Amino acid sequence: MTIQIPRGTYDVLPEDAFKWQKIEAAAREVCALFNYKEMRTPIFESTDLFQRGVGDTTDIVQKEMYSFKDRGDRDLTLRPEGTASFVRAYVEHKLFGQPSQPQKLYYIGPMFRYERPQAGRNRQFTQFGCEALGSADPSIDAEIIVLALTFYRKLGLKNLKLVLNSLGDPESRAAHREALIAHFKPSIGEFCEDCQKRLEKNPLRILDCKTDHNHPLMATAPSIIDYLNEASRDYFAKVKTILNEMGIDYELDPTLVRGLDYYNHTTFEIMGASQGAITTLMGGGRYNGLVSELGGPETPGIGFALSIERLLLALDVEGVSLDSDPSLDCFIVAIGDKAEQKAPVLLNQLRQAGLQADKDYMVRKVKGQFKQADRDRAKFVVVIGDEELNVQKAVVKNMADGSQDEVAFATLTDYLKKKI
RNA sequence: GCGGUUAUGGUGAAGUGGUUAACACACCGGAUUGUGGUUCCGGCAUGCGUGGGUUCGAUCCCCACUAACCGCCCCA
C-alpha cells in the first residue's frame, strides 16, 4: 500500500502555491504599512510553555497538543499557537529592554493541533498573527484590529463582521465569575454535562454552550459588561471610540469568550462567509498578564491570529479569485537530432539573458511541443530544425497572433526582449 | 472524542454476484515528413480505498480498518 499524507494535513500543489505566495506577500505588505516586524520562532517548544502560557484548563492543552519526548528525554510540543512563543522570545531576549516599544511583531507559519479534521480545520494549519507587546494604549487595540481588516480587504474579502467584547481586568473578571456561579448554580442540573463541569472551572464558557443555548437562564445571565470596574469600562470605551471615529463597524457580543486563558480586556473575532459551520476567520485579544506569567516584567500585550486556510475558503465562498496569469516568455521547439542538441544551449542563453524560457523534455513530436508551449502560455515559440541551423536563424512565432519572423541566432535575445 | 454519509482510471463519474468495468474531460499518437488553442480517427483501469470473510465465482454481499466530507464539541 502506498504511503498517505498524515491525517489532517494537506499538500499545496503548484497550481495553488501562487495563491499562498500572494496571501503571504499581502500580509507582509500590510505589516510593513503598520510597522510590524517579522519574528521567527521554532515550530516546537517546551511543553511547559504552552501549559503555562495557553492555560492548563484549555481544550488546546488538555487534548489537542502534539507532544513528544526527544532523544534527550525533553518534553516538547509542536506549537498549537503563536503567542506563547512570541512572549517567550520577548522575555528570553529581553526585548522589553529595547528602547523601541511597543515591540510590534508578526509571524506566518504552521501550527499544530490534534483535532478531527474538516473543512477549515486541519491538524497542521497556517496562521498569520501579529503581536504588540509593551503598550496598554487603547489605540494599539484598534490598530491591531484594523491591521487584520486591512489585510482581508486588500485580498478582496468583503463579507466581514467584527465582533467585540471586553473581559475586563482580573478584578472585574473575578466579580463576574462569582455572579455567574451564583446565577447558574441553583439550576445547574438542567444543563449539559460540559456546563456542569464548566461551572467551577470557567463559568464564562457556559455562555458559549450550543447545547443549552435556549435555556432561559442564558438570556438572563449576568453580562461581563455589567461587572467591568471603572478602569476596565473606561479602557473598553476608549477602544470603541477610536474604532467609531475610524468608521469601523463592529458588533458587541458580551458572550464572546475566547478559548485561551490568557485573555483579558479587549477580545475580538472577525467572522466571514464560509462553508459549513466554521465562520471564525480571525481571533485575538489583549493578554496583559502573560509576559509576567512567563517570567518577564509586568508587561501588557495584545495580538491576533488568523488562519490562511480559512481565508482561502472565505475567498472561495465570496467568489474572489487570486488567479494570476503565469506565462512563459519563450518556448523552444526543436526538430531533429541536431536541433535537439542545440536547444539546451540556446535555452540557457535565453535564460541567462533574463528571459523565462523552457523546452520539451518528453521527446514529443512538433505538434506535442507546441501543445506544451500553449500549456505554458508561452508568448513566443522559437522553432529550430536542420534548415534553421544551416542559416543560423530561428523561426520565431508569436503565439498570440500566429505571425512568424526569421531571426538570426545572434540577435535572438534582443529580438525577444524587445517584443516582450 | 461522538454521530451521519461516502470511497471505481490523471479528473468527473455510470455500473453488474459470473467471460472485454460505460461515458465525458485530460493526456499521447495519426489525419497535416516541421507549427498550438477548432474538427475527425485511434490509444489509454491485469483494476473498482486496505485487510479479511461468505460463495464454484466478489468491484458488487458481510465484518474490520483507513481516509475524505458533513454535524456535535471546540477553535484559526
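Proteins get letters first, then strands, A, B, ... in listed order; numbering begins at 1 in each. Everything numeric in this text was worked out from a predicted model, so none of it was measured.
The ring-ring contact (aromatic ring centres under 6.0 Å, His included) test applied to Phe331(A) returns no partner, not counting sequence neighbours. Under the ring-ring contact (aromatic ring centres under 6.0 Å, His included) criterion, Tyr10(A) pairs with no residue at all, not counting sequence neighbours. For Glu318(A), there are no salt bridge (charged side-chain N to carboxylate O under 4.0 Å, His left out) partners two or more places apart in sequence or in a different chain.
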Distance-only check: which donor-acceptor pairs under 3.5 Å involve side-chain atoms of residues 413-420 of chain A, not counting sequence neighbours?
| residue | atom | partner | partner atom | Å |
| --- | --- | --- | --- | --- |
| Tyr415(A) | OH | Asp405(A) | OD2 | 2.5 |
| Lys417(A) | NZ | Ala353(A) | O | 2.8 |

Going by atom type alone, with no hydrogens or angles, which donor-acceptor pairs under 3.5 Å involve a side-chain atom of residues 389-400 of chain A and a protein atom two or more places apart or on another chain?
| residue | atom | partner | partner atom | Å |
| --- | --- | --- | --- | --- |
| Asn390(A) | ND2 | Asp386(A) | O | 3.4 |
| Gln392(A) | NE2 | Leu389(A) | O | 3.1 |
| Asn398(A) | OD1 | Ala400(A) | N | 2.9 |

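Within residues 78-87 of chain A, no residue is approached by RNA chain B to less than 4.0 Å at the level of any non-hydrogen atom.
For the pair Phe128(A)/Ile23(A), no side-chain contact is recorded, criterion being any heavy-atom separation below 4.5 Å from C-beta on.
Sorted by first and then second residue, the salt bridge (Lys or Arg N to Asp or Glu O under 4.0 Å) pairs involving residues 19-39 of chain A (not counting sequence neighbours) are Asp16(A)-Lys19(A), Arg28(A)-Glu38(A), Glu29(A)-Lys154(A), Glu38(A)-Arg40(A). Applying the ring pair (Phe, Tyr, Trp, His ring centres under 6.0 Å) definition to pairs two or more places apart or across chains, those involving residues 246-268 of chain A are Tyr235(A)-His265(A), Tyr262(A)-Tyr287(A). Applying the salt bridge (Lys or Arg N to Asp or Glu O under 4.0 Å) test to residues at least two apart or on different chains, the pairs with a partner in residues 175-185 of chain A are Lys185(A)-Glu200(A). Applying the salt bridge (Lys or Arg N to Asp or Glu O under 4.0 Å) test to residues at least two apart or on different chains, the pairs with a partner in residues 107-116 of chain A are Glu115(A)-Arg121(A).
As rounded to whole Å, 15 Å separates atom P of rA68(B) from atom CD of Glu309(A).
Of the side-chain N and O atoms in Arg7(A), one or more sit less than 4.0 angstrom from OP1 or OP2 of rA68(B).
Distance check on atom C1': rA76(B) versus rG29(B) gives 50 Å, rounded to whole Å.
Paired runs in RNA chain B that reach 3 or more consecutive Watson-Crick or G-U pairs, where each pair keeps both distances under 3.5 Å, cover B:1-7 with B:66-72, B:10-12 with B:23-25, B:27-31 with B:39-43, B:49-53 with B:61-65.
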Base versus backbone protein contacts along nucleotides 28-40 of chain B [heavy-atom cut-off under 4.0 Å; B, S, -]: SSSB--BBBB---
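Counting distance only, with no hydrogens placed and no angle test, the side-chain atoms of Arg121(A) and the base atoms of rA76(B) include no donor-acceptor pair under 3.5 Å.
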